[in-house]
Protein chains: 2
Amino acid sequence: MVMPDALRRFKAEVFQALAHPTRIAIIDLLGEKELSAGELMEKLGIEQANISQHLAVLRSRQLLVNRKVGNQVFYSVRDRLLLEVLALMRTYFQNHLTGSLALAREMSSENKRMKATRS
Amino acid sequence: MVMPDALRRFKAEVFQALAHPTRIAIIDLLGEKELSAGELMEKLGIEQANISQHLAVLRSRQLLVNRKVGNQVFYSVRDRLLLEVLALMRTYFQNHLTGSLALAREMSSENKRMKATRS
DNA sequence: ATAGTATATTCGAAGTATCTAATATTCGAA
DNA sequence: TTCGAATATTAGATACTTCGAATATACTAT
């Protein structure tokens, strides 16, 4: 029996939300601790409007929640289960990165550092 | 320290591959057993060219492998870890589906059946 | 009230994804 | 070798995503 289409669309939307390097970086950072939009902007070194747009995507798919404190808006991951999914994916990526040759070349110098750190 | 950009792009590509309802359906079906392109086409009821294109996406990101048997091409999931990721996501979706109101409405009749089946 | 800071939204250009229809390739059987 | 079946690729139309620039909103402090 085939999964209901509505559920497949829902899943696809969540994956779609994760399908951008900047948004992956955002979720990884927020997995450690809550951060304001401005702090994220600083850490990622991208335009204010751009991060705001990416946050809007993650909000609209309900991967993030936010709370206002005065002038600032602090974001965090809505459900830590999502972080477990990402952790599992990390294992997956480690299994297959070396098979991805063009990438391996591009990353040869960053490789050792990476293995020592969390992602 | 921020994750290297090349790695973030690689991850994003994998999520991108999962970011389509038809492709999610394909992976779910192949999680049970190897199937030919034609069998997938039949089960999903979509155009031949279309499924072939979706299979090409999944192949190019190396989520699937294939073997030829005469005229046919059989596909299977390359790494079962990916299926574990999808299984975890199922739990995630169950936690949040009910919060997604428009969807809940759309699915009200399929709901009980769904909980009884694997997805 | 006004100015300043933090964040969100809108707009338009450029790029990417998706679909169908048409065509190409590959293989086995007659 | 030609035919038919299974699959892949290409082409072109349409829809979606992404970006930076400009503008809007919301809140604080003066």
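Reckoned from all heavy atoms, side chains included, excluding hydrogens, waters and symmetry mates. Residue numbering restarts at 1 for every chain, and letters A, B, ... go by the order of the sequence lines.
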Base-pair map of DNA chain C as dot-bracket, where | denotes pairing with a different strand and pairs are Watson-Crick or G-U under 3.5 Å:
||||||||||||||||||||||||||||||
Please list all pairs meeting ring-ring contact (aromatic ring centres under 6.0 Å, His included) that have one or both residues in [range], counting only residues at least two apart or in different chains.
| range | answer |
| --- | --- |
| residues 64-84 of chain A | none |
| residues 27-47 of chain B | none |
| residues 19-66 of chain A | His20(A)-His54(A) |

Chain B contact limits on DNA chain C, taken 5' to 3' with a cut-off of 4.0 angstrom to heavy atoms
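Going 5' to 3' along DNA chain C, contacts run dT18(C) to dG28(C).
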Applying ring-ring contact (aromatic ring centres under 6.0 Å, His included), can you list everything that pairs with Phe15(A), at least two apart in sequence or on another chain?
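For Phe15(A), no residue satisfies ring-ring contact (aromatic ring centres under 6.0 Å, His included) once neighbours in sequence are set aside.
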Suppose the criterion is salt bridge (Lys or Arg N to Asp or Glu O under 4.0 Å): which pairs have a residue in residues 55-67 of chain B, not counting sequence neighbours?
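The answer is Glu34(B)-Arg67(B).
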Identify the two heavy atoms, one from Ala37(B) and one from Ile51(B), that lie closest to each other, and give their separation to 0.1 Å.
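Result for this residue pair: O-CG2, 4.4 Å.
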Backbone N or O of Ser36(B) within a donor-acceptor pair of the Glu39(B) side chain at under 3.5 Å?
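Side chain of Glu39(B) to backbone of Ser36(B): a pair is present.
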So do the side chains of Ile24(A) and Leu86(A) get within less than 4.5 Å of each other, counting heavy atoms only?
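Counting from C-beta outward, Ile24(A) and Leu86(A) never come under 4.5 Å.
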Roughly, in whole Å, what's the span from CG in Asn66(B) to C1' in dA8(D)?
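So the CG-C1' distance, Asn66(B) to dA8(D), works out to 11 Å.
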My understanding is that a hydrophobic cluster links ILVMFWY residues whose side chain heavy atoms are under 4.5 Å apart, including indirect links. Using that, what else belongs to the cluster containing Val57(A)?
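Taking Ile, Leu, Val, Met, Phe, Trp and Tyr as members, Val57(A) stands alone, with no cluster partners.
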Nucleic acid footprint by protein, nucleotides 13-21 of chain D - heavy-atom cut-off 4.0 Å, B for base, S for sugar-phosphate alone
-----SBBB
With B for base contact, S for sugar-phosphate-only contact and - for none (protein heavy atoms under 4.0 Å), nucleotides 25-30 of chain D reads -BBS--
Do the side chains of Leu18(B) and Val65(B) join up, straight or via other hydrophobic residues, at under 4.5 Å, putting them in one cluster?
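Not linked; separate clusters.
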Have a look at Phe74(B) and say if it touches a base, only the backbone sugar-phosphate, or nothing, with a 4.0 Å heavy-atom cut-off.
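Nothing, no heavy atom under 4.0 Å.
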Between Asp28(B) and Arg23(B), is there a salt bridge with N-O shorter than 4.0 Å?
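A salt bridge is absent here (no side-chain N lies under 4.0 Å from a carboxylate O).
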Name all residues meeting the side chain to side chain contact (heavy atoms under 4.5 Å, CB included) criterion together with Leu83(B); count only those two or more places apart in sequence or in a different chain, and write none if there are none.
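Only Ile27(B), Val77(B), Arg80(B) meet the side chain to side chain contact (heavy atoms under 4.5 Å, CB included) criterion with Leu83(B).
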Which residues satisfy the side chain to side chain contact (heavy atoms under 4.5 Å, CB included) test with Glu42(B), sequence neighbours excluded?
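Glu42(B): no side chain to side chain contact (heavy atoms under 4.5 Å, CB included) contacts found.
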